[in-house]
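Below is one structure, written out as structure tokens, with a few remarks after it.
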Amino acid sequence: MHYLTLSELSVLLRTKAISPVELVKHMLGRIDALEPRLESYVTITAERALEQAERAEREIGSGQWRGHLHGVPLAYKDIFYTDFALTTAGTAIHKSFQPTYSATAVRRLEAAGAVSLGKLKTTEQAWTEHHPAVAAPKNPWGAELYAGASSSGSGVATAAGLTFGALGSDTGGSIRFPSAVNGVTGLKPTWGRVSRHGVFELAASLDHVGPMARSAIDCAIMLGAIAGADPADPTAVLNPIEDYEAAALRSVAGMRIGLPRGYATEGVDPGIVAVWQAAAKVFEDLGAIVEEISFPEWRKAASTWPILCSSETALTHAATYPSKSESYGTALSALIDLGRSSTAMDLAAAHQARLEFSSRLRARFDNLDVILVPATIWPTPTAAATADSSSKVSPRGSAPLHLCLRQQRQSNADFARRLRWWGHSNGNSTHRRTL
């Protein structure tokens with residue numbers, strides 16, 4: 001039962017075909033059996049999970065069904081504050097941090113009836129590498145394979161059947177990359193669609209909170225629970241919450257999909273290009289209107305992302321770096337040093353390039369619903385290869401698109417027909433339900 005989709009499981013729980021308590025016991029047993037090999041969890045909250053499962057069983061049994069997440073076991077990337085477990089952010093400086101409150105996204109999932117299995121590993125403060133004191137999660141498709149960027153624990157646990165869904169975050173690809181290499185679905189919503197309150201920052205204006213699960217419908221269900229305005233986060237948008245689940249079930253017939261051939265193929269592995277083309281053909285066969293389009297010049301925008309990200313990260317760590325630099329890993333230290341060395345002119349130029357690219361990309365959606373591009377340019381590398389920074393999975397396919405704030409979203413495709421491939425779909429923020 002651990003490989004059921006969240007939506008399939010929900011039906012069984014609501015109809016009492018599965019007991020929430022027995023389900024949680026099964027999941028905890030599976031975690032105990034596989035965690036020594038996969039190492040995706042940093043904390044397992046077994047006692048809380050069982051208490052929540054018992055409550056869910058009572059409520060469902062008495063007709064008090066809260067919705068699709070009621071009784072469903074989920075887990076959270078360890079940058080989300082939880083008042084019931086430590087939140088380390090994969091760091092040494094926060095290794096003993098116990099929040100006094102839970103992140104808004106966690107609270108909303110639990111209020112919807114979700115059962116909290118625990119906290120999932122992240123790279124150091126959601127950057128590219130794990131702290132030297134932390135063992136990296138192992139890709140369930142092969143221990144030698146790269147498990148993804150900072151939400152790797154979320155990707156591994158979801159793919160391996162150690163949770164039915166997870167919260168992740170994405171600053172330059174960290175929902176999309178782990179989803180791609182572990183074979184699950186990930187959604188990076190529009191910036192501000194989901195509250196970042198109670199989430200450790202990497203770079204505030206680039207950080208996005210989103211779901212990772214086994215299907216587009218599952219991500220839609222989770223997004224419906226966590227989206228919305230939040231008085232505790234002034235950057236959370238006020239737009240009404242849409243019925244993402246209903247939209248995920250609608251036909252793609254008539255949907256307008258743009259294929260930016262140059263951007264999607266230049267320097268991209270031929271195998272990935274072939275799958276991208278096959279995916280476009282599937283959508284076309286389902287009735288979508290597929291057409292090749294020009295794409296805004298992206299190289300300059302891509303070059304600005306490190307400047308923006310590093311500068312905001314340096315600000316985030318100003319209280320502890322360089323004063324406690326000995327507690328930092330080399331990768332995060334290098335990012336902060338880059339940010340500290342950037343000038344006001346560097347930042348101004350990066351900001352202007354960001355605005356220009358964002359505006360040009362937004363204009364492409366005047367006659368489009370979706371732009372379809374690969375999420376990565378190479379096949380999944382080995383974990384050993386990614387130890388060399390020159391061999392890491394390139395953010396080229398995600399970083400430029402990431403600069404667009406509320407004008408753009410992506411989701412890794414396990415679209416309507418469970419078409420698993422390394423790609424993502426980008427849409428106007430007003431078309432969130434389309435993705």
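Heavy-atom basis, side chains included; hydrogens, waters and symmetry copies ignored. Residues: numbered from 1 along the sequence shown.
Between Trp127 and His130, a ring centre-to-centre spacing not shorter than 6.0 Å is recorded. Ring-centre distance between His131 and Tyr328: not below the 6.0 Å cut-off.
Residue pairs meeting the salt bridge (charged side-chain N to carboxylate O under 4.0 Å, His left out) criterion with at least one partner in residues 113-128, sequence neighbours excluded, are Asp78-Lys119. Applying the ring pair (Phe, Tyr, Trp, His ring centres under 6.0 Å) rule to pairs touching residues 96-116 yields Tyr81-Phe97, Tyr81-Tyr101, Phe97-Phe200, Tyr101-His197, sequence neighbours excluded. Sorted pairs that involve residues 310-333 and meet salt bridge (charged side-chain N to carboxylate O under 4.0 Å, His left out), not counting sequence neighbours, are lacking altogether.
Legend: residues meeting side-chain hydrogen bond (donor to acceptor under 3.5 Å, both in side chains) with Thr163, ordered by chain and number and at least two apart, are absent. Evaluation of the side-chain hydrogen bond (donor to acceptor under 3.5 Å, both in side chains) rule for Thr122 yields no partner, not counting sequence neighbours. His2 pairs by the side-chain hydrogen bond (donor to acceptor under 3.5 Å, both in side chains) definition with His26, Arg30, not counting sequence neighbours.
Salt bridge status for Arg299 with Glu266: present, with a side-chain N to carboxylate O gap under 4.0 Å. Salt bridge absent: Arg214 and Glu8 never bring a charged side-chain N and a carboxylate O closer than 4.0 Å.
Pairing each heavy atom of Glu35 with each of Ser40, the nearest pair is OE2-OG, 2.6 Å. Among all heavy-atom pairs drawn from Val181 and Trp141, the shortest one is O-CD1, 4.2 Å. The shortest heavy-atom contact between Ala105 and Phe80 is CB-CE2, 4.2 Å. Of all heavy-atom pairs between Ala213 and Val184, the closest is O-CB, 3.2 Å. For the residue pair Leu117 and Leu162, the shortest heavy atom distance occurs at CD1-O, 3.5 Å. Residues Pro73 and Val24 approach most closely at CG-CG2, 4.2 Å, considering heavy atoms.
Put simply, the side chain of Thr313 gets close to the backbone of Leu202: a donor and an acceptor are under 3.5 Å apart. A distance-only check finds a donor-acceptor pair linking the side chain of Thr45 to the backbone of Ser116 [under 3.5 Å]. Ser358 places no side-chain N or O within 3.5 Å of a backbone atom of Arg354 that could act as its donor or acceptor partner. Distance alone, capped at 3.5 Å, is enough to place a donor-acceptor pair between the Asn182 side chain and the Ala147 backbone. When atom types are taken as modelled, the side chain of Ser310 and the backbone of Ile307 share a donor-acceptor pair closer than 3.5 angstrom.
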What do the steps show when you test Leu109 against Ile226 for side-chain contact (heavy atoms from CB on, under 4.5 Å), and what is the final call?
CA-CA 7 Å; Leu109 288 172; Ile226 62 178; 3.6 Å; yes
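Residues Lys77 and Ser154 have side chains that never bring a donor and an acceptor to within less than 3.5 angstrom of each other.
For Lys281, the NZ atom counts as loosely surrounded, since its 6.0 Å shell holds 12 or fewer non-hydrogen atoms of other residues, nucleotides or ligands.
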